[in-house]
S.K.: 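Sharing a structure with you now.
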Amino acid sequence: MTTGSLKQAAESARSKSSEVMGAAKREPASVATDLLHTPFMRAALPFINGGAAGMVATTVIQPVDMIKVRIQLAGEGTSGGPKPTALSVTRQIVGSGKVLDLYTGLSAGLLRQAVYTTARLGCFDTFMGRLTQRAKDQGRQIGFADRAGAGLAAGGLAAMVGNPADLALIRMQSDGLKPLAERKNYKSVIDALSSIAKNEGVAALWAGAAPTVVRAMALNFGQLAFFSEAKAQLKVHTDLSTRTQTLSASAIAGFFASFFSLPFDFVKTRLQKQQKGPDGKLPYKGMADCFRKVAKQEGVLRFYRGFGTYYVRIAPHAMVTLIVADYLGFLTK
């Protein structure tokens, strides 16, 4: 065999080897892409992305949520007394324990996001997809009313499913306000859920469900509907980059979500924190009774106490959630 023949054989072998290696490298990526585009995964991705985004946001915002709950529970049943601030509550928590106490209830918060935000964003994206197709079939653009309806429905459905985790979160965060002898000292969200179910009954896990559902509907109306609308308007009327549009729209959505939902969040917190007194009765009979008693004993403005802290909790949470969900959506297109 000549030298030229040997060189040709070597080149041919190298070429075939490169083709085989290239195919082997492309195969996993191709399989992953094909998996993402199966009907099941296309339907599941909005839910998976929504849950992951919510859990990331909760991990970042949990200390602010802890402070917000303590502000809402301060001065219960009285119209006077000192008004707590975010700074004073933070000092009290840190001064009486450790800095990590600000993350009390994180396990419940993460479980809530895994259930509530997964359902909320997943349902919203699913509803919006169907409404967009319906609008297209009718020869029109999807409107604000469609976005509002999708937000209200998604929020209400998700809140019912996520109420037990939400209840556990409130109980864990408010436990430190009780006298030492009365504290439950929950070890985790599973411990809190099992303790509540055992001592108060399974139905107690849905305590405060009515204001939770209404709050979720109000919050989603403000957050998802206004985010979707603001983003659409900014895209048409401004030259902002896509990232700036998302940030601006999420900030706008955070304000409206806070404004519409805070009174219901306040009542939800009070109802979920309450437990039977020595006489065997609960302080509030339900959502309407709580609204009436708080307005009479503490004043109407009490419902908006801590609006600044609530906005600082809602707006960044909305921004992180929506931005992460947008990014995950882009990665899994």
S.K.: To the closest 0.5 Å, what do you measure between OG (S261) and CD1 (I314)?
M.R.: 5.0 Å

S.K.: Of all heavy-atom pairs between L328 and A53, which one has the smallest distance, and what is that distance?
M.R.: CD1-N, 4.4 Å

S.K.: To the nearest 0.5 angstrom, please state how far the CG atom of L301 sits from the CZ atom of R305.
M.R.: 10.5 Å

S.K.: Tell me if a side-chain donor or acceptor on S88 pairs with a main-chain N or O of T85 at a distance below 3.5 Å.
M.R.: yes

S.K.: At what distance, to the nearest 0.5 angstrom, does CD of Q133 lie from CD1 of I142?
M.R.: 10.5 Å

S.K.: Closer than 4.0 angstrom, basic N to acidic O: yes or no for K68 and D65?
M.R.: yes

S.K.: When clusters are formed by joining ILVMFWY residues with side-chain heavy atoms under 4.5 Å apart, either directly or through shared neighbours, do V267 and L282 land in the same one?
M.R.: no

S.K.: Tell me, please, which residues at least two apart from A150 pass side-chain contact (heavy atoms from CB on, under 4.5 Å).
M.R.: F124, F127, M128, L131

S.K.: Evaluate the side-chain proximity of R292 to Q297: yes if any heavy-atom separation is below 4.5 Å, no if none is.
M.R.: no

S.K.: Could you check T212 against Q272 for side chain to side chain contact (heavy atoms under 4.5 Å, CB included), going step by step and ending with a plain yes or no?
M.R.: CA-CA 9 Å; T212 299; Q272 290 182 331; 3.4 Å; yes

S.K.: Scan for salt bridge (Lys or Arg N to Asp or Glu O under 4.0 Å) pairs involving residues 116-133, sequence neighbours excluded, and state none if there are none.
M.R.: none

S.K.: Examine F264 and L271 and state if one hydrophobic cluster contains both, with Ile, Leu, Val, Met, Phe, Trp and Tyr joined whenever side-chain heavy atoms are less than 4.5 Å apart.
M.R.: yes

S.K.: Look at atom CD of Q141 and say whether more than 12 heavy atoms of other residues, nucleotides or ligands are closer to it than 6.0 Å.
M.R.: no

S.K.: So I170 and V69, side chain to side chain contact (heavy atoms under 4.5 Å, CB included) or not? Walk me through it.
M.R.: CA-CA 7 Å; I170 296 298; V69 168; 3.9 Å; yes

S.K.: If hydrophobic residues (ILVMFWY) are linked whenever their side-chain heavy atoms come closer than 4.5 Å, directly or via other members, who joins L110 in its cluster?
M.R.: M55, Y103, L106

S.K.: For A249 and K231, which heavy atoms make the closest approach, and how far apart are they?
M.R.: CB-N, 3.8 Å

S.K.: Does S107 reach the main-chain N or O of V189 with its side chain, forming a donor-acceptor pair under 3.5 Å?
M.R.: yes

S.K.: Once side-chain contact (heavy atoms from CB on, under 4.5 Å) is applied, do any residues pair with P164, and if so which ones, sequence neighbours excluded?
M.R.: L193, L205, W206

S.K.: For atom NZ of K178, is the number of surrounding heavy atoms from other residues, nucleotides or ligands below 6.0 Å larger than 12?
M.R.: yes

S.K.: When hydrophobic residues are tied together by side-chain contacts of less than 4.5 Å, even through go-betweens, does I71 share a cluster with I93?
M.R.: yes

S.K.: Which residues pass the side-chain hydrogen bond (donor to acceptor under 3.5 Å, both in side chains) test with T118, sequence neighbours left out?
M.R.: none

S.K.: Please answer whether the main-chain N or O of T104 pairs with a side-chain N or O of Q62 as donor and acceptor at a distance below 3.5 Å.
M.R.: yes

S.K.: Go through the structure and list residues passing side-chain contact (heavy atoms from CB on, under 4.5 Å) with V294, not counting sequence neighbours.
M.R.: F266, R270, Y284, C290, E298, R302, F303

S.K.: Is the closest basic N to carboxylate O distance between R171 and D166 below 4.0 Å?
M.R.: no

S.K.: Listing request: all ring pair (Phe, Tyr, Trp, His ring centres under 6.0 Å) pairs with a residue in residues 225-245, at least two apart in sequence or in separate chains.
M.R.: F144-F226, F221-F226, F226-F256

S.K.: Report the residues that fulfil salt bridge (charged side-chain N to carboxylate O under 4.0 Å, His left out) with K293, sequence neighbours left out, ordered by chain and then residue number.
M.R.: D289

S.K.: Answer yes if the side chains of T58 and Q113 hold a donor-acceptor pair under 3.5 Å, and no otherwise.
M.R.: yes

S.K.: I need the L247 CG to R243 CZ distance, nearest 0.5 Å.
M.R.: 8.0 Å

S.K.: To the nearest 0.5 Å, what is the distance between CD on Q274 and OG1 on T269?
M.R.: 12.0 Å

S.K.: According to the side chain to side chain donor-acceptor pair (under 3.5 Å) rule, which pairs have a member within residues 244-256, sequence neighbours left out?
M.R.: S241-T244

S.K.: Measure across A168 and A108 and return the closest heavy-atom pair with its distance rounded to 0.1 Å.
M.R.: C-CB, 4.1 Å

S.K.: Could you see if M160 belongs to whatever hydrophobic cluster contains F47? Use Ile, Leu, Val, Met, Phe, Trp, Tyr and a side-chain cutoff under 4.5 Å.
M.R.: no

S.K.: Considering non-hydrogen atoms only, spot the tightest contact between A204 and I196 and give its length.
M.R.: CB-CG2, 4.1 Å

S.K.: Go through the structure and list residues passing side-chain contact (heavy atoms from CB on, under 4.5 Å) with Y304, not counting sequence neighbours.
M.R.: F259, L262, P263, F307

S.K.: Following the transitive rule for hydrophobic clusters with a side-chain heavy-atom cut-off under 4.5 Å over Ile, Leu, Val, Met, Phe, Trp and Tyr, establish whether M172 and L111 coincide in one cluster.
M.R.: yes

S.K.: Return each pair, listed once, that meets salt bridge (Lys or Arg N to Asp or Glu O under 4.0 Å) where at least one residue sits in residues 206-229; pairs must be two or more places apart or across chains.
M.R.: R147-E229, R215-D265

S.K.: Would you find more than 12 non-hydrogen atoms of other residues, nucleotides or ligands less than 6.0 Å from D239 atom CG?
M.R.: no

S.K.: Identify the two heavy atoms, one from V89 and one from P84, that lie closest to each other, and give their separation to 0.1 Å.
M.R.: CG2-CB, 4.0 Å

S.K.: Check salt bridge (charged side-chain N to carboxylate O under 4.0 Å, His left out) between R183 and all other residues, then give those that pass, not counting sequence neighbours.
M.R.: none

S.K.: P316 and I61: which non-hydrogen atoms are nearest, and at how many Å?
M.R.: CB-CD1, 3.5 Å

S.K.: Do D146 and R134 have side chains that approach each other closer than 4.5 Å (heavy atoms only, starting at C-beta)?
M.R.: yes

S.K.: Regarding S195 and D191, is there a side-chain donor-to-acceptor distance under 3.5 Å anywhere?
M.R.: no

S.K.: Are any non-hydrogen side-chain atoms of L152 and N220 less than 4.5 angstrom apart?
M.R.: no

S.K.: Drop me the distance from Q275's CD to E182's CD, to the nearest 0.5 angstrom.
M.R.: 9.0 Å

